[in-house]
There are 2 protein chains.
Amino acid sequence: MTRNDSTEKQILTLLNGLCNQIHHKFECCTGISSSRLEILHELCGGAEIKQSHLQKRINIDNAAITRHLKQLEAEGMVTRRKNPDDNRETFVRLSDEGLEKIEGYKIERENFIRQILKDFDDEEIPVLADFLARIKNNI
Amino acid sequence: MTRNDSTEKQILTLLNGLCNQIHHKFECCTGISSSRLEILHELCGGAEIKQSHLQKRINIDNAAITRHLKQLEAEGMVTRRKNPDDNRETFVRLSDEGLEKIEGYKIERENFIRQILKDFDDEEIPVLADFLARIKNNI
DNA sequence: GATCAATCATTGATGCCTCAAATAATATAA
DNA sequence: TTATATTATTTGAGGCATCAATGATTGATC
């Protein structure tokens, strides 16, 4: 086994451990699940967005997006209505209350990022972003 | 907002998407969940290992390790017995059947790693490993 | 216009993870 | 030795993700 082989295995172990924890830690730190916040983030512009479009952007299952939006709607964070021109589709929009609350979440989110990247240099950040994007493409 | 700030946010989005998918993809490709295979991998040497030690190595919850081991035991992959010198502890060991089967899993695992890192240079691999280890420490 | 296919959203079932509480066994101290 | 911690494992409850199956609506074709 070459040194690289064993480093590759280590990467998988690291990735496994990291992925097991990150969602949970994120929610602990910020008070909202990472997928939910991604959704709100997409809606941040204030425009109505199709549910199916949100689903593709967040890269999450149909069922999951339905459940998140239902919950966010119940909490008063978003509003939903059917597309009058095509009743299969649903439009989603941030509510006024959601618009207010998201500011706080965004700050928490930034704190979280700062925390997990605290010992990264300015030059390393874009390299990391590139690595992650490539891995994601390979999956 | 500086360019780095926006790159940092992108990293979180990437990490979120990546972590959402990787476990599932791993299982699809290899036929076993990544945590389970991590457990088997730890047991690969053939020695008896304490359950609590496994739990710390895999970096998973107590409850999760119990359930995985129960399942692996039911499948005949591992055997468990209480430590006769301290009945609170449990020793876990790979069964003969497990020893056989794991070889195939290891190959699948290597294929999976190769797939997700397919466009990475030899010099990038250790950098990635370092990045992930640091992020994990920061969590 | 009736039928069949495609699209979007939802629900049900299942898996893995977490925390918290319960159980059991051992160690420690009064 | 009896009461009180501590440690290891298990069980229960809840969250989020997936797939598969179901409904509902629209589009296409004959």
Side-chain angles (χ1 to χ4, degrees), chain A residues 15-40 48-75 78 80-92 136 139, chain B residues 15-40 48-75 78 80-92 136 139:
Chain A
L15 219 42
N16 186 46
L18 189 62
C19 291
N20 270 348
Q21 298 185 55
I22 195 160
H23 291 298
H24 187 250
K25 295 296 177 184
F26 183 90
E27 184 158 358
C28 286
C29 294
T30 65
I32 189 173
S33 98
S34 48
S35 290
R36 290 258 177 106
L37 191 45
E38 290 289 333
I39 292 172
L40 295 179
E48 278 189 316
I49 298 186
K50 282 193 288 186
Q51 178 164 326
S52 58
H53 183 243
L54 268 178
Q55 180 249 310
K56 287 180 194 84
R57 289 281 297 171
I58 310 293
N59 210 9
I60 215 177
D61 189 68
N62 282 329
I65 201 87
T66 292
R67 285 164 184 140
H68 279 308
L69 289 174
K70 256 183 153 170
Q71 189 59 36
L72 287 169
E73 195 177 28
E75 293 165 7
V78 306
R80 292 196 296 168
R81 67 181 183 106
K82 293 247 165 134
N83 177 357
D85 296 332
D86 185 342
N87 274 293
R88 291 172 301 183
E89 298 180 339
T90 302
F91 287 144
V92 188
K136 199 172 164 214
I139 285 185
Chain B
L15 219 42
N16 187 44
L18 189 62
C19 290
N20 270 347
Q21 299 185 52
I22 195 161
H23 292 297
H24 186 250
K25 295 296 177 184
F26 183 90
E27 184 158 357
C28 286
C29 294
T30 65
I32 189 172
S33 98
S34 48
S35 290
R36 290 257 177 106
L37 191 44
E38 290 288 334
I39 292 171
L40 295 180
E48 278 188 317
I49 297 185
K50 282 194 288 185
Q51 179 166 323
S52 58
H53 183 243
L54 268 177
Q55 180 250 310
K56 288 179 193 85
R57 289 281 298 171
I58 310 294
N59 211 8
I60 214 179
D61 189 68
N62 281 329
I65 203 89
T66 292
R67 284 163 185 140
H68 280 308
L69 289 174
K70 254 182 154 171
Q71 190 58 38
L72 287 169
E73 195 178 27
E75 293 165 6
V78 306
R80 290 198 295 169
R81 69 179 182 107
K82 292 252 164 124
N83 177 358
D85 295 333
D86 184 343
N87 272 292
R88 290 173 302 184
E89 298 181 336
T90 303
F91 286 144
V92 188
K136 200 175 163 210
I139 285 185

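Every chain is numbered from 1 and lettered A, B, ... according to where its sequence line falls, protein lines coming before strand lines.
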Return the value, rounded to whole Å, for the distance between atom [atom1] of [X] and atom [atom2] of [N].
X	N	atom1	atom2	result
A:I39	D:dC16	CD1	P	10 Å
A:E27	D:dG14	CD	P	15 Å
A:H68	D:dG15	NE2	P	12 Å
A:Q55	D:dC19	CD	P	11 Å
A:Q21	D:dA17	CD	P	17 Å
B:D61	D:dT10	CG	C1'	11 Å
B:K25	D:dA17	NZ	C1'	12 Å

Counting C-beta onward and ignoring hydrogens, is there a side-chain heavy-atom pair between [X] and [Y] closer than 4.5 Å?
X	Y	value
B:K136	B:N59	yes
B:E38	B:H68	no
A:S34	A:I22	no
B:N16	A:H23	yes
B:F91	B:K50	yes

Checklist outcome for this item: Its contact letters, B for base, S for sugar-phosphate only and - for none at protein heavy atoms under 4.0 Å, make nucleotides 2-8 of chain D read ----BBS

Checklist entry - Taking atom types as modelled and ignoring hydrogens, do the side chains of A:Q51 and A:T66 form a donor-acceptor contact shorter than 3.5 angstrom? => result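 Distance-only check passes for A:Q51 and A:T66.
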
Checklist entry - Looking at B:N62, does any N or O in its side chain come under 4.0 Å of the phosphate oxygens OP1/OP2 on D:dT9? => result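 No, outside the criterion.
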
Next on the checklist: Measuring to OP1 and OP2 of D:dT10, would you say a side-chain N or O of B:R80 lies under 4.0 angstrom away?
Outcome noted: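 Looking at the OP1 and OP2 atoms of D:dT10, one of them is under 4.0 Å from a side-chain N or O of B:R80.
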
Checklist entry - Is there a donor-acceptor pair closer than 3.5 Å between any side-chain N or O of A:Q55 and the backbone N or O of A:D61? => result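 No, because the side chain of A:Q55 does not come within donor-acceptor range (under 3.5 Å) of the backbone of A:D61.
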
Give [X] one of three labels, base, sugar-phosphate or nothing, depending on what nucleic acid heavy atoms sit under 4.0 Å from its own.
X	value
B:N87	sugar-phosphate
B:I60	sugar-phosphate
A:H23	nothing

Item to check | Pairwise 5' ranking along DNA chain D for A:P84 and A:S34, keeping only the more 5' one | outcome: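 Comparing both residues, the 5'-ward one is A:S34.
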
Checklist entry - Closest heavy-atom contact between A:T30 and A:I32? => result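 Reported closest heavy-atom pair: OG1-O, 3.0 Å.
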
Checklist entry - Could you give the start and end, 5' to 3', of the contact zone on DNA chain C for chain B, using atoms under 4.0 Å from its heavy atoms? => result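 On DNA chain C, the outermost contacted nucleotides are C:dC16 to C:dT26.
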
Item to check | Passing candidate, side-chain contact (heavy atoms from CB on, under 4.5 Å) with B:I39, options B:V78, B:L69, B:V92 | outcome: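 Looking at B:V78, B:L69, B:V92, the match for B:I39 under the side-chain contact (heavy atoms from CB on, under 4.5 Å) is B:L69.
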
Checklist entry - Considering heavy-atom distances to DNA chain C, does A:N20 or A:L69 have its closest nucleotide positioned more toward the 5' end? => result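 Checking each residue's closest nucleotide, the 5'-ward one belongs to A:L69.
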
